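Written below as structure tokens is the structure these notes are about.
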Amino acid sequence: QPQLKESGGGSVQAGGSLTLSCAASGYSARNTCVAWIRQTPGKEREGVATIYQDFGRTYYADSVKERFTISQDNAKNTVYLQMNSLKPEDSAMYYCALEYGGNCRSKLANPDFSYWGQGTQVTVSS
């Protein structure tokens, strides 16, 4: 069973940068979609970015395009989320999630994944 562990969250001022890491284990990266998803209390989960692990195709929410980059290091079994030009509205708990055979494009809009990490908190102050 896949296990996902996020790290790299923290507090930063608006305009700053953070890089989140998702260390993944216990599965084959073939035919999988990995996502970064965020949630704030009282709001629905929001798909931020997804990546097909087989060939690296990525998708982004409009709210983070040109600011966030999802990438992977297959040798380290790690997926990253580089976040630049952070805004207060980016503050949230960020989760890494995985789906076998998932459609990364549709999963971005409907982030219903089978496997989740425990999350890492990102706080952006103005």
Side-chain angles (χ1 to χ4, degrees):
Q1 175 159 325
Q3 298 201 3
L4 308 171
K5 183 172 177 58
E6 304 92 337
S7 62
S11 298
V12 64
Q13 289 192 327
S17 298
L18 282 174
T19 300
L20 306 183
S21 299
C22 173
S25 62
Y27 73 105
S28 169
R30 296 181 64 182
N31 197 27
T32 56
C33 175
V34 175
W36 284 100
I37 298 157
R38 64 188 181 188
Q39 188 168 24
T40 55
K43 293 187 177 180
E44 290 189 358
R45 291 171 179 169
E46 178 187 12
V48 174
T50 58
I51 184 168
Y52 279 113
Q53 288 205 285
D54 281 2
F55 47 90
R57 180 73 167 93
T58 58
Y59 301 90
Y60 296 93
D62 288 343
S63 58
V64 305
K65 277 181 182 176
E66 309 300 328
R67 299 189 299 123
F68 289 12
T69 302
I70 187 171
S71 63
Q72 61 184 353
D73 183 333
N74 291 333
K76 296 181 179 179
N77 294 326
T78 301
V79 175
Y80 302 98
L81 185 70
Q82 174 68 44
M83 305 185 294
N84 298 325
S85 302
L86 282 161
K87 305 175 182 180
E89 52 263 44
D90 294 319
S91 297
M93 184 70 80
Y94 282 71
Y95 297 91
C96 177
L98 179 148
E99 188 72 32
Y100 288 119
N103 182 313
C104 269
R105 187 169 191 170
S106 62
K107 286 289 188 184
L108 185 65
N110 297 287
D112 180 18
F113 287 79
S114 296
Y115 302 98
W116 293 76
Q118 294 193 338
T120 185
Q121 179 69 39
V122 172
T123 303
V124 184
S125 58
S126 57

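Both backbone and side-chain heavy atoms feed into the values below; hydrogens, waters and symmetry mates do not. Nothing here was measured: the structure is a model prediction, and the numbers come from that model.
- Contacts of Thr58 classified as side-chain contact (heavy atoms from CB on, under 4.5 Å), with partners at least two apart in sequence or in another chain: Ile51, Tyr60, Ile70.
- To the nearest 0.5 Å, the span separating OG1 on Thr50 from CG on Leu98 amounts to 12.0 Å.
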* Asked: Run the side-chain contact (heavy atoms from CB on, under 4.5 Å) check on Tyr95 and Leu4 step by step: do they pass?
  -> CA-CA 9 Å; Tyr95 297 91; Leu4 308 171; over 6 Å; no

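- Residues in residues 33-42 take part in these salt bridge (Lys or Arg N to Asp or Glu O under 4.0 Å) pairs, two or more places apart or across chains: Arg38-Glu46, Arg38-Asp90.
- For Asp73, the side-chain contact (heavy atoms from CB on, under 4.5 Å) partners two or more places apart in sequence, or in a different chain, are Ala75, Lys76, Tyr80.
- The distance from atom CD1 of Ile37 to atom CD of Glu44, rounded to the nearest 0.5 Å, is 13.0 Å.
- Cluster annotation: Val64 is connected to Val122 through the hydrophobic network of ILVMFWY side chains, with a link wherever side-chain heavy atoms come within less than 4.5 Å.
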Which donor-acceptor pairs under 3.5 Å do the side chains of residues 108-116 make with protein atoms, sequence neighbours left out?
unit_1	atom_1	unit_2	atom_2	d
Ser114	OG	Glu99	OE1	3.0
Ser114	OG	Glu99	OE2	3.0
Trp116	NE1	Phe113	O	2.8

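- Taking 4.5 Å as the limit, some side-chain heavy atom of Tyr94 sits within range of a side-chain heavy atom of Met83.
- Thr32 pairs by the side-chain hydrogen bond (donor to acceptor under 3.5 Å, both in side chains) definition with Gln53, not counting sequence neighbours.
- Applying the side chain to side chain donor-acceptor pair (under 3.5 Å) test to every pair with at least one member in residues 117-126, sequence neighbours left out, gives no pairs at all.
- The shortest heavy-atom contact between Ala49 and Leu81 is CB-CD1, 4.2 Å.
- For Tyr52, the ring-ring contact (aromatic ring centres under 6.0 Å, His included) partners at least two apart in sequence or on another chain are Phe55.
- Linking Ile, Leu, Val, Met, Phe, Trp and Tyr whenever their side-chain heavy atoms come within less than 4.5 Å puts Trp36 and Tyr100 in one cluster.
- Residue pairs meeting the disulfide (SG to SG under 2.5 Å) criterion with at least one member in residues 24-88, sequence neighbours excluded: Cys33-Cys104.
- Remark: Asp62 engages Lys65 in a side-chain hydrogen bond (donor to acceptor under 3.5 Å, both in side chains) (not counting sequence neighbours).
- Under the side-chain hydrogen bond (donor to acceptor under 3.5 Å, both in side chains) criterion, Lys43 pairs with no residue at all, not counting sequence neighbours.
- The side-chain contact (heavy atoms from CB on, under 4.5 Å) check on Gln3 picks up Ser25, with sequence neighbours excluded.
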Please list every donor-acceptor pair under 3.5 Å in which a side-chain atom of residues 7-22 meets a protein atom from a residue at least two apart or in another chain.
unit_1	atom_1	unit_2	atom_2	d
Ser17	OG	Asn84	OD1	2.9
Thr19	OG1	Gln82	OE1	2.4

